[in-house]
> 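Would you mind keeping the following structure in view while I ask a few things?
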Amino acid sequence: MHDLFTKARLARCRSRFVVPVMLYEGKHICRSATLASGAEVYGRSGLDFLFSGGESIRPEDGMVSNGMSRDQTVYVPNGNSEWQLVDSIRMQDIRLLKALNIGTIVDLMVENKKVKFGMQVTSSEKVDKEHRYADFTLISVPYPGCEFFKDYRDNDYVAEGLVFEWNQGYVDADLQVPQSLIEKSRCLGIDWDRYRSWDLIKLTQNYLRLMLYCLHHGDSGLLVHCISGWDRTPLLTSLLRMSLWADGKMHKSLSALEMLYLTIAYDWHLFGHNLQDRLGKGEEIFFFCFNFLKHIAGDEFSIDRVKGETNRPKRSDSEPQFDDTVLIGVEDGSSPARRHRDSSGSMSSISSMSSCVLDGTTVPFVVGDDSPFPGERHPNGNVPIMMQPIAQRAVLGSAASSACSSPMAVPSKKPTPVEAGSKSGSSIGSWQMVTESGSIRGFTTSRDSPVLVGSESSGSSGPGSSPPEPKEASMRKMRLEEVRCIFLAHYSAVVGMRNGPEYGGGLSGFMGQLASKVGFRARSNIV
């Protein structure tokens, strides 16, 4: 197998060969770069020849090797071909895919072949002239490159309504899903002909659901790749990993904090994502990945739902919604901070702020579907106000926090100005609402949350009536929300907001803070 990896590496761009990164029910989920162009294959082969003592891959190595017979191959190179070396090396790539039992290849490129300075620098399976990859299910799902995520940042981190411009000159790849797969996956309810009208949220959701469907219903593994495999590829593989973890299908022993560390260290850092460079260019695809977890927390994105094992009804609009409400336990230092989000995407509480208190320091993050960072000016002109540091400590990321039940807001009448001043710090022993000003009080206003609590809450609630209890969140939603909350807290502390000080630590600095939390190393004192 080692020899097979060595020979197959030249078939992929930058020698980033196919690597299995997850295992689901005996099927590998792999990642790689796209196919290398003929020029790159010959260039890297020449370097190998010079630095390996005159040894290189021979054309006949692509014919029969590694104990595989000729009838196991899909394509036999033509001896009269002008590109015999390309033939043999790509045959090694095919042999590696077959050895890993990969049956489906998901191509995220928006180009058929990447062109730079007028020269084709990569290729891809979908435009292979010799049809070497005909035995594989090829799915072309064009996904915007990291450059598009500068628009996401400039749009105040709001992905709703943010649609990629598909008519740009370099975009020549169309969405291609085999008709047989479209027929089989009609249960997903996706109209693939409308993909160019989808915003960034819908595009990512539908691609993820398609990959989950292929992963479960297929009898073989899955390969995901973009061009180099260090921006879009870790985005989708990381979402796959966290989705399957939230469903209890892999990494069952890991806590939310440990899962966050694993996917950042392995899916992003180890495979070459350059966070420092991306932040310098404003291309915050790394942040989008983890902030996007709120959009796949629903059970419809569960692998069990794709498998058809569950049929839980969705929450109707008439049922109570206690989302977008920040609830902070102030009874003792071990009370976790919990929060829920508004699935309807209401903008009424974008200016609400909360903070995770980690080791005595306040780390802010926004509660709302649109902008994750404090200090950003929203469309309504309001600037979110941070909470002042709280003495109590909200423990986030511990394994025990995932098992806690969701807290209830305690309704009370709006006090008079005198009562407000005297009772601002006397709400110990109950769950209270966080107001726009950042203080903890026993009442809210319409600007604090879309859910109005108390006698002024709504016309349907009479005086003295208590709000109905919220529906218990699924374990999947609780897990993904916990990962997202921990990420936002650390990202705000280490990287900062868009207009904050320039960050130069790269992923290593970000992972260093997570490592101290996980316990991989002693935490150093920060002065």
> What's the shortest heavy-atom distance between T34 and S123, and which atoms?
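Taking every non-hydrogen atom into account, OG1-O, 2.6 Å.
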> Between G218 and K27, which heavy-atom pair has the shortest distance, and what is it?
O-NZ, 3.0 Å
> When rounded to the nearest 0.5 angstrom, what distance separates CD1 in I285 from CD in E147?
9.0 Å
> Side chains of I94 and K98, heavy atoms from C-beta outward: is any pair under 4.5 Å?
yes
> With side-chain hydrogen bond (donor to acceptor under 3.5 Å, both in side chains) as the criterion, how do H225 and R232 come out once you've worked through the C-alpha distance, each side chain's angles and the decisive distance to 0.1 Å?
CA-CA 8 Å; H225 75 76; R232 288 168 286 184; over 6 Å; no
> I'd like to check Y157 versus F288 (side-chain heavy atoms, cut-off strictly below 4.5 Å). Are they in contact?
no
> Side chain of S88, backbone of L85: donor and acceptor closer than 3.5 Å?
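Yes.
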> Can you find a heavy atom in the side chain of L279 that is under 4.5 Å from one in the side chain of L275?
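Heavy-atom side-chain distance check passes, below 4.5 Å.
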> Does either side chain, that of S37 or that of T122, offer a donor lying less than 3.5 Å from an acceptor on the other one?
no
> Please tell me whether Y133 and D93 have a donor and an acceptor in their side chains that are separated by less than 3.5 angstrom.
yes
> Which pair of heavy atoms, one from E40 and one from S15, lies closest together, and at what distance?
OE2-N, 4.2 Å
> Can a donor-acceptor pair be found between the side chains of Y143 and T204 at a distance below 3.5 Å?
yes
> What class does the angle between the rings of F164 and Y170 fall in, given that below 30° is parallel, 30 to 60° is tilted and above 60° is perpendicular?
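Taking Y170 first and then F164, their aromatic rings stand perpendicular (interplane angle over 60°).
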> Hey, could you give me the CG/OH distance between L208 and Y213, rounded to the nearest 0.5 Å?
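The distance works out to 15.5 Å.
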> Is it the case that atom CG in D219 sees more than 12 heavy atoms from other parts of the structure closer than 6.0 Å?
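No.
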> Judged by atom type as modelled, is there a donor-acceptor pair below 3.5 Å linking the side chain of E481 to the main-chain atoms of M478?
no
> Cut-off 3.5 Å, side chains only: do R14 and S228 have a donor facing an acceptor?
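Yes, a side-chain donor-acceptor pair sits under 3.5 Å.
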> With a 4.0 Å cut-off on N to O distance, would you call D87 and R132 a salt bridge?
yes
> Atom CG of D199 and atom CG of L162: how far apart are they, to the nearest 0.5 Å?
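Answer rounded to 0.5 Å: 7.5 Å.
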> Is the shortest heavy-atom distance from the side chain of Y195 to the side chain of N206 under 4.5 Å?
no
> Between K477 and D299, does any side-chain N to carboxylate O distance fall below 4.0 Å?
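D299 and K477: not salt-bridged.
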> Closest approach of V41 and S45, non-hydrogen atoms and distance?
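Answer, listing the atom of V41 first, then S45: O-OG, 2.7 Å.
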> Give the minimum heavy-atom separation between C13 and A33, together with the two atoms involved.
O-CB, 3.4 Å
> Anything under 30° is parallel, anything over 60° is perpendicular, the rest tilted; go ahead and classify W268 against H273.
perpendicular
> With a 4.5 Å limit on heavy-atom distance, are the side chains of N101 and H28 in contact?
no
> So, does S32 use its side chain to make a donor-acceptor pair with the main chain of R16 at under 3.5 Å?
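Side chain of S32 to backbone of R16: no pair is present.
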> Just by distance, with hydrogens left out, do Y152 and E283 show a side-chain donor and acceptor under 3.5 Å apart?
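Judged by distance alone, the side chains do not pair up.
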> Counting only heavy atoms from other residues, nucleotides and ligands, does the tally under 6.0 Å from NZ of K150 exceed 12?
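No, because the 6.0 Å sphere around NZ of K150 holds 12 heavy atoms or fewer from other groups.
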> Could you tell me how the ring of F292 sits relative to the ring of H295: parallel (under 30°), tilted (30 to 60°) or perpendicular (over 60°)?
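Taking H295 first and then F292, their aromatic rings sit tilted (interplane angle of 30° to 60°).
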> Could you give the distance from CG (D128) to CG (N112), rounded to the nearest 0.5 Å?
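Output value for this atom pair is 12.5 Å.
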> Is there a donor in the side chain of S185 and an acceptor in the side chain of R209, or the other way round, less than 3.5 Å apart?
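The criterion, which ignores hydrogens and geometry beyond distance, is not satisfied for R209 and S185.
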> In terms of side-chain geometry, is the basic nitrogen of D174 or R196 positioned less than 4.0 Å from the acidic oxygen of its partner?
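Salt bridge present between D174 and R196.
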> How long is the straight-line distance from CZ of R194 back to CG of L175, given to the nearest 0.5 Å?
14.0 Å
> Set out, in order, the CA-CA distance, both residues' side-chain angles and the distance that settles side-chain contact (heavy atoms from CB on, under 4.5 Å) for Y261 and Y266, then state yes or no.
CA-CA 8 Å; Y261 184 87; Y266 186 58; over 6 Å; no
> Checking W230 now: which residues fulfil ring pair (Phe, Tyr, Trp, His ring centres under 6.0 Å) with it, not counting sequence neighbours?
none
> Run S243 and I303 through side-chain contact (heavy atoms from CB on, under 4.5 Å) and show every step you take.
CA-CA 8 Å; S243 180; I303 190 70; over 6 Å; no
> Should the pair F286 and Y491 be assigned to parallel (<30°), tilted (30 to 60°) or perpendicular (>60°) ring geometry?
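Ring orientation, 0 to 90° scale: tilted.
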> Salt bridge or not between R278 and D231? Use side-chain N to carboxylate O under 4.0 Å.
yes
> Could you check whether H131 and E125, counting side-chain N and O atoms only, form a donor-acceptor pair closer than 3.5 Å?
no
> Tell me whether R479 is salt-bridged to E482, with the criterion being a basic N under 4.0 Å from an acidic carboxylate O.
no
> Walk me through whether V163 and W198 qualify under side-chain contact (heavy atoms from CB on, under 4.5 Å).
CA-CA 6 Å; V163 181; W198 295 339; over 6 Å; no
> Do K281 and N274 come close enough that some side-chain heavy atom pair is under 4.5 Å?
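The answer is no; the side chains never approach within 4.5 Å.
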> Do R241 side-chain atoms and V21 backbone N/O form a donor-acceptor pair below 3.5 Å?
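Flag set: sc R241 to bb V21 pair under 3.5 Å.
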> Which pair of non-hydrogen atoms, one from F290 and one from T263, has the smallest distance, and what is that distance?
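In terms of heavy atoms, the two residues are closest at CE2-CG2, 3.6 Å.
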> May I ask you to decide if L244's main-chain N or O and R476's side chain share a donor-acceptor pair within less than 3.5 Å?
no
> Does P142 offer a backbone N or O that forms a donor-acceptor pair with the side chain of Y207 under 3.5 Å?
yes
> Under the criterion side-chain contact (heavy atoms from CB on, under 4.5 Å), which of I105, L35, D107, L138 is the partner of S124?
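The single option meeting the side-chain contact (heavy atoms from CB on, under 4.5 Å) with S124 is D107.
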> When rounded to the nearest 0.5 angstrom, what distance separates CZ in R9 from CG in L4?
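If we round to the nearest 0.5 Å, R9:CZ and L4:CG are 12.0 Å apart.
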> Go through the side-chain N and O atoms of D247 and S302 and say whether any donor and acceptor fall under 3.5 Å apart.
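A donor-acceptor contact under 3.5 Å links the two side chains.
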> Start with the C-alpha distance between H216 and E25, add both sets of side-chain angles, then the distance that settles side-chain contact (heavy atoms from CB on, under 4.5 Å), and finish with yes or no.
CA-CA 8 Å; H216 173 70; E25 294 186 350; 4.1 Å; yes
> So does A11 get a backbone contact from the side chain of R90, meaning a donor-acceptor N/O pair under 3.5 Å?
no
> What I'd like to find out is whether the side chain of M259 reaches to under 4.5 Å of the side chain of M242, using heavy atoms alone.
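Yes, at least one pair of side-chain atoms sits under 4.5 Å.
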> Answer whether the closest heavy-atom distance between the side chains of P178 and I139 falls below 4.5 Å.
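In contact.
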> Is E258 reaching over with its side chain to a backbone N or O of S255, donor-acceptor style, under 3.5 angstrom?
yes
